[in-house]
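One structure is given below, encoded as structure tokens.
All values derive from a computational prediction rather than experimental measurement. Residues: numbered from 1 along the sequence shown.
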Amino acid sequence: MVEAPDAGRSERIAELFDLVVDSYDNVGVSFFGPIADRLVAAVDPQPGDRVLDIGCGRGAVLFRLASAVGSTGEVTGIDLSPKMVATTAHEARARGLSNVNVQVMDAMQPTLRNGTFNAITASFMIFFLPDAAAALTRWRSLLVPHGTVGVSTFSAWDPRWAQMEDLFEPYREGQFFSVDPRDPNGSFGSDAAVERLMRSAGLVDPRSTNFDLDLLFDDADQWYAWTRSHGQRLLWDAIPDGELERVRDAAFERLDAWRIDDGRIASRHRIRLTLAQRP
Ligand SMILES: C[S@@+](CC[C@H](N)C(=O)[O-])C[C@H]1O[C@@H](n2cnc3c(N)ncnc32)[C@H](O)[C@@H]1O
């Protein structure tokens, strides 16, 4: 059997998100939920619709979609991480949702029936893909005619985070996740770039909106816990054990410049939503 070129990468993404499954979006800072609110509102699924949520993680988008489509609709979530899938499926059962199914599946090669979905969502996942244009082309064929794809990505980066870059830079080399989703010249670096990506996949009428999401951390420990609770965990885990404390302490020192009057630590995240249609 010929090994897929990204086989190692998929395994490492699955391992990364397996590792963070319990802390993911669960350290007292609301990040993925508010983004999911905006994405679902923009995609605007209707009662009875079938919707696919790609890279569903712990279900931030998936569960909101399930409410929107109601008992006559159906929501499918797929993710590479078996633990994300198992935990989210368990939660769907615990919530008594009969209109949700969750499966381990690679977004690059979803084995789902063409022409099935009224909408597809992918929140904060598209930049993990080895070939986003190829994936979007495949997703297009899963949609019904005029069906909608909606993705969220990072927009302009808060300069405060850039102040941390040099701390992590020495450890970046060799990381499988080489695309910087915030690179202004990259495939996800501007509204125009993401819209171009959509067009290259045969989707039409791409359009983007941006909004700011403000996060407040009670203290440096909560900031650290949050940065370890999602994909950014990769940056910390690339630091050798003997150097971790030094890098973390240096980051904590810089966090003092992020404090607001009441002592909490503030950061602002500009988020982009991009929608497009199957012709
Ligand atoms: C940052 S999380 C976002 C999860 C969720 N969409 C949310 O908004 O909370 C990215 C998710 O994409 C999944 N993922 C990354 N690459 C994938 C792929 N090729 N196929 C399926 N899922 C993938 C990861 O396992 C992870 O759960």
Side-chain angles (χ1 to χ4, degrees), residues 10 13 17 32 35-70 72-81 84-85 88-89 92 97 99-153 181 187-188 191 194-209 271-279:
S10 301
I13 287 177
F17 284 97
F32 294 101
I35 296 170
D37 280 335
R38 304 286 284 252
L39 181 60
V40 173
V43 170
D44 194 23
Q46 298 299 304
D49 276 358
R50 286 200 185 127
V51 186
L52 173 64
D53 183 35
I54 297 185
C56 61
R58 289 293 306 271
V61 176
L62 189 80
F63 291 125
R64 287 164 172 81
L65 291 172
S67 303
V69 304
T72 57
E74 200 179 298
V75 180
T76 300
I78 65 169
D79 201 288
L80 270 181
S81 154
M84 285 286 190
V85 167
T88 302
L97 293 172
N99 61 346
V100 171
N101 77 83
V102 195
Q103 303 172 44
V104 176
M105 199 180 285
D106 190 341
M108 291 303 302
Q109 294 153 338
T111 48
L112 297 163
R113 210 158 33 87
N114 283 347
T116 301
F117 298 100
N118 302 94
I120 294 178
T121 51
S123 195
F124 272 79
M125 72 80 59
I126 197 165
F127 38 73
F128 288 106
L129 300 174
D131 186 343
L136 282 162
T137 304
R138 173 72 190 108
W139 302 357
R140 187 196 67 204
S141 58
L142 299 176
L143 287 168
V144 300
H146 313 298
T148 303
V149 174
V151 305
S152 66
T153 47
S187 315
F188 312 103
D191 292 0
V194 182
E195 289 163 18
R196 224 173 8 252
L197 192 61
M198 295 280 195
R199 272 193 218 95
S200 74
L203 294 156
V204 296
D205 192 23
R207 65 261 183 215
S208 302
T209 52
I271 311 295
R272 174 187 307 110
L273 305 179
T274 308
L275 269 58
Q277 254 69 41
R278 177 180 168 169

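Taking each heavy atom of Ser10 and Leu80 in turn, the nearest pair found is O-CD1, 3.8 Å. Shortest non-hydrogen contact noted between Leu136 and Met198 is CD2-SD, 4.2 Å. Across all non-hydrogen atoms, the minimal contact from Ala201 to Arg140 is O-NH1, 2.9 Å. Taking every heavy atom of both residues into account, Pro110 and Met105 meet most closely at CA-SD, 3.6 Å. Contact detail for Ala135 and Ala107: the closest heavy-atom pair is CB-O, 4.1 Å. Nearest heavy-atom pair, Ala132 versus Ile126, reported as atom, atom and distance to 0.1 Å: CB-CG1, 3.9 Å.
Between the side chain of Thr137 and the backbone N or O of Gly202, no donor-acceptor pair lies under 3.5 Å. A donor-acceptor pair under 3.5 Å is formed between the side chain of Asn118 and the backbone N or O of Arg50. In this structure, Arg64 contributes its side chain and Val40 its backbone to no donor-acceptor pair below 3.5 Å. With hydrogens and angles ignored, the 3.5 Å screen pairs a side-chain donor or acceptor of Asn99 with a backbone N or O of Ala66. Side-chain N or O atoms of Arg199 include none that pairs as donor or acceptor with a backbone N or O of Pro206 at under 3.5 Å. Between the side chain of Asp79 and the main chain of Cys56, a donor-acceptor pair closer than 3.5 Å is present.
A heavy-atom distance below 4.5 Å is not found between the side chains of Val144 and Arg278. Residues Phe63 and Thr88 form a side-chain contact, since some pair of their non-hydrogen atoms from C-beta on lies under 4.5 Å apart.
From Phe32, atom CZ reaches atom CG of Leu39 across 13.0 Å, with rounding to the nearest 0.5 Å. Separation of atoms CD1 (Ile54) and CD1 (Ile120) is listed at 5.0 Å; rounding is to 0.5 Å. Distance CZ/Arg196 to CG/Asp191: 11.0 Å, rounded to 0.5 Å. For the atom pair Ile13 CD1 and Met84 CE, the distance stands at 12.0 Å (nearest 0.5 Å). The line from CG of Leu112 to CH2 of Trp139 is 12.0 Å long, rounded to the nearest 0.5 Å. Remark: Leu197 CG to Phe127 CZ distance equals 12.5 Å, nearest 0.5 Å.
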Item to complete: Assess whether side-chain contact (heavy atoms from CB on, under 4.5 Å) is satisfied between Val194 and Arg272, documenting all intermediate values.
Response: CA-CA 9 Å; Val194 182; Arg272 174 187 307 110; 3.8 Å; yes
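Side chains of Ser208 and Glu195: a donor-acceptor N/O pair is present below 3.5 angstrom, by distance only.
Qualifying side chain to side chain contact (heavy atoms under 4.5 Å, CB included) partners for Asn114, counting only residues two or more places apart in sequence or in other chains: Arg138, Ser141, Leu142.
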For residues 145-152, which side-chain N or O atoms pair as donor and acceptor with protein atoms under 3.5 Å away, sequence neighbours left out?
{"residue": "Thr148", "atom": "OG1", "partner": "Gln277", "partner atom": "NE2", "Å": "2.4"}
{"residue": "Ser152", "atom": "OG", "partner": "Ser123", "partner atom": "OG", "Å": "2.7"}
{"residue": "Ser152", "atom": "OG", "partner": "Phe124", "partner atom": "N", "Å": "2.9"}

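The only option from Thr76, Leu65, Leu62 that meets the side chain to side chain contact (heavy atoms under 4.5 Å, CB included) definition with Val51 turns out to be Leu65.
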